[in-house]
Amino acid sequence: NKVLYSIINKGLNSISDEELNVIKNKWFDIIEPKEGNIKFTDQENEFIKNHRVVKVGNEMDWLPYDYVVNDQAKGLSIDYLKLLAKKIGINLKFVYNKSWNELETKFKNKQIDVLPALYFNEERKKYTNYTKAYQPGALAIFTKATNNSINKIDDLNGKTIAMVKGYGTNKEILKLFPKIKPVYFDFVKQALKSVSTGKTDATINYPLLVYYYAMEKQITNLKIVEYLDDYGKLSKISALHIGIRKDWGIFRDILEKAMN
């Protein structure tokens, strides 16, 4: 991880394409669907026939995975889901202009069928069918570059930590770091800006997400303090899954056949 520390902390706006590939290889090892015909059961084919349009919750700013540009769904997770939909033979209708909390509420109420990039937690199992993970989990502690008060995990005690409302990792982070002071925001951009401007002390997030967002918004004064790859359950709960409404278990099976 020393190479990755030096890459990101030398300045987010000066990372070369070669160095970006190092980051991508570390954190974005997506399972690509294989070519070939998919053998669906009669029941699965009937479901596909009767559900040609699937409603997908689309976040506004979760770069580079799930975001919106000019009213168009964009991102690595979005492209992956589009590829699966093409293999299955369905169309996707994206629901956006909502905060994450609002999207998840619609998902719970079955007004949205699928969430393309979802963390696993036990609470969500009550209303979610998860596919297998398509990207391994990885989180890191980010601070303002000039912040010298946080140099290791234990330094988080008593510090204000920017968190996004409703994120599946929040509960586990608070369990692992009970002495932190969470400050909640509706969107990622608000959380990162709060760290960048010194309004909060740190945030715990995906390195690739922070990198892309920082490049997009020209935030160049963030640094990685420590990676949390093997800390508690964070790697497991920060892996990305596709989430499907609870009464659509058969669609989870269909998606996983396309993934396989």
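Please read these numbers as outputs of a predicted model, since none were measured by experiment.
- At least one donor-acceptor pair closer than 3.5 Å links the side chain of Glu256 to the backbone N or O of Lys132.
- Heavy atoms only, all atoms of each residue included: Gly57 and Pro116 are closest at O-CD, 3.1 Å.
- Between the Asn157 side chain and the Lys179 main chain, no donor and acceptor come within less than 3.5 Å of each other.
- Listed here is the closest heavy atom pair of Gly243 and Thr128: CA-CG2, 3.8 Å.
- No hydrogens or angles considered: a donor-acceptor pair under 3.5 Å links the side chains of Asn50 and Glu46.
- Residues Phe142 and Met215 fall within the same hydrophobic cluster, defined by Ile, Leu, Val, Met, Phe, Trp and Tyr side chains chained together at heavy-atom separations under 4.5 Å.
- For the pair Ile150/Leu156, a side-chain contact is recorded, criterion being any heavy-atom separation below 4.5 Å from C-beta on.
- Aromatic ring pairs are classed by plane angle as parallel below 30°, tilted from 30° to 60° and perpendicular above 60°; the pair Trp62 and Tyr206 is perpendicular.
- Within the 4.5 Å cutoff, side-chain heavy atoms of Leu81 are placed close to those of Ile242.
- Between Leu255 and Ile244 the shortest side-chain heavy-atom distance falls below 4.5 Å.
- A continuous path of ILVMFWY side-chain contacts below 4.5 Å connects Leu228 to Ile237, so both sit in one hydrophobic cluster.
- Residues Tyr211 and Pro64 have side chains not in contact (no heavy-atom distance under 4.5 Å, counting atoms from C-beta outward).
- In this structure, CG on Leu118 lies 7.5 Å from CG on Asn121, to the nearest 0.5 angstrom.
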For Arg124 and Glu104, what are the C-alpha separation, side-chain angles and deciding distance, and is it a salt bridge (charged side-chain N to carboxylate O under 4.0 Å, His left out)? CA-CA 10 Å; Arg124 283 180 177 158; Glu104 191 167 25; 2.7 Å; yes
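- Across Asn147 and Lys223, no two heavy atoms sit closer than the pair O-NZ, 3.0 Å.
- Residues Met163 and Pro182 share a closest heavy-atom pair of SD-CB, 3.5 Å.
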Hey, mind stepping through Arg245 and Asp113 against salt bridge (charged side-chain N to carboxylate O under 4.0 Å, His left out) and telling me if it holds? CA-CA 5 Å; Arg245 50 190 276 185; Asp113 306 316; 2.8 Å; yes
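- In this structure, a donor-acceptor pair under 3.5 Å is absent between the side chains of Asn170 and Lys165.
- Judged purely by atom type and a 3.5 angstrom limit, Trp100 uses its side chain to pair as donor or acceptor with the backbone of Gly166.
- With hydrogens and angles ignored, the 3.5 Å screen pairs no side-chain donor or acceptor of Asp71 with any backbone N or O of Val68.
- In terms of modelled atom types and a separation under 3.5 Å, the side chain of Asp201 and the main chain of Thr160 share a donor-acceptor contact.
- Under a 3.5 Å cut-off, the side chain of Tyr96 and the backbone N or O of Gln72 do not form any donor-acceptor pair.
- To the nearest 0.5 angstrom, Tyr212 atom OH is 8.0 Å from Tyr67 atom OH.
- The local environment of CD in Gln43 is sparse, with at most 12 non-hydrogen atoms from other residues, nucleotides or ligands closer than 6.0 Å.
- In this structure, a donor-acceptor pair under 3.5 Å is absent between the side chains of Asn101 and Ser99.
- Val183 and Ile173 fall into different hydrophobic clusters, where Ile, Leu, Val, Met, Phe, Trp and Tyr residues are linked whenever their side-chain heavy atoms come under 4.5 Å apart, directly or through other members.
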Determine whether Val56 and Lys93 satisfy the following criterion, side chain to side chain contact (heavy atoms under 4.5 Å, CB included), listing intermediate values before the conclusion. CA-CA 6 Å; Val56 179; Lys93 180 180 180 181; over 6 Å; no
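- A donor-acceptor contact shorter than 3.5 Å is absent between the side chain of Asp66 and the backbone of Ser77.
- Taking OG1 of Thr143 as the reference point, atom CG of Leu222 lies at 7.5 Å (rounded to 0.5 Å).
- Side-chain atoms of Leu63 and Leu209, non-hydrogen and from C-beta on, never get closer than 4.5 Å to each other.
- Using modelled atom types, one side-chain atom of Thr203 and one backbone atom of Ala162 make a donor-acceptor pair closer than 3.5 Å.
- Of the possible polar contacts, none joining the Lys87 side chain to the Ile38 backbone as a donor-acceptor pair under 3.5 Å is found.
- Across Lys152 and Val225, no two heavy atoms sit closer than the pair N-CG1, 3.8 Å.
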Applying side chain to side chain contact (heavy atoms under 4.5 Å, CB included) to Lys106 and Lys98, what does each step give before you reach the verdict? CA-CA 10 Å; Lys106 284 183 171 293; Lys98 306 290 181 184; 3.8 Å; yes
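- With respect to Glu226, the side chain to side chain contact (heavy atoms under 4.5 Å, CB included) criterion is satisfied by exactly one of Asp155, Ile204, Ile153: Ile153.
- Partner Tyr65 forms a side chain to side chain contact (heavy atoms under 4.5 Å, CB included) with one of Ile78, Leu240, Asp79 and no other, that one being Leu240.
- With contacts defined as side-chain heavy-atom distances shorter than 4.5 Å, the pair Val95/Asn58 does not qualify.
- Tyr167 and Phe187 end up in different hydrophobic clusters when Ile, Leu, Val, Met, Phe, Trp and Tyr side chains are linked at under 4.5 Å.
- Put simply, the side chain of Lys257 reaches to within 4.5 Å of the side chain of Phe40, judged on heavy atoms.
- A donor-acceptor contact shorter than 3.5 Å links the side chain of His241 to the backbone of Thr131.
- Taking all atoms of both residues into account, the shortest heavy-atom contact from Asp61 to Tyr213 is O-CD1, 4.3 Å.
- The structure places CZ of Phe185 at 9.5 Å from CG of Leu192, a figure rounded to the nearest 0.5 Å.
- In this pair, Trp248 and His51 present their aromatic rings perpendicular. The plane angle is above 60°, beyond the 30 to 60° band.
- A distance of 13.0 Å separates CZ in Phe94 from CD in Glu59, rounded to the nearest 0.5 Å.
- For the residue pair Gln135 and Tyr80, no side-chain donor N or O sits within less than 3.5 Å of a side-chain acceptor on the partner.
- Met60 and Tyr184 end up in different hydrophobic clusters when Ile, Leu, Val, Met, Phe, Trp and Tyr side chains are linked at under 4.5 Å.
- Side-chain contact check for Ser194 and Thr200: at least one donor-acceptor pair (N or O, by modelled atom type) lies under 3.5 Å.
- By the 6.0 Å contact criterion, NZ on Lys159 is enclosed, its count of non-hydrogen atoms from other residues, nucleotides or ligands being greater than 12.
- Inter-residue side-chain proximity for Phe251 and Ile48 is flagged as unmet; no heavy-atom pair is nearer than 4.5 Å.
- With 3.5 Å as the limit, one finds a donor-acceptor pair spanning the side chains of Ser196 and Asn221.
- Rounded to the nearest 0.5 Å, atoms CD1 (Ile161) and CG (Asn205) are 12.0 Å apart.
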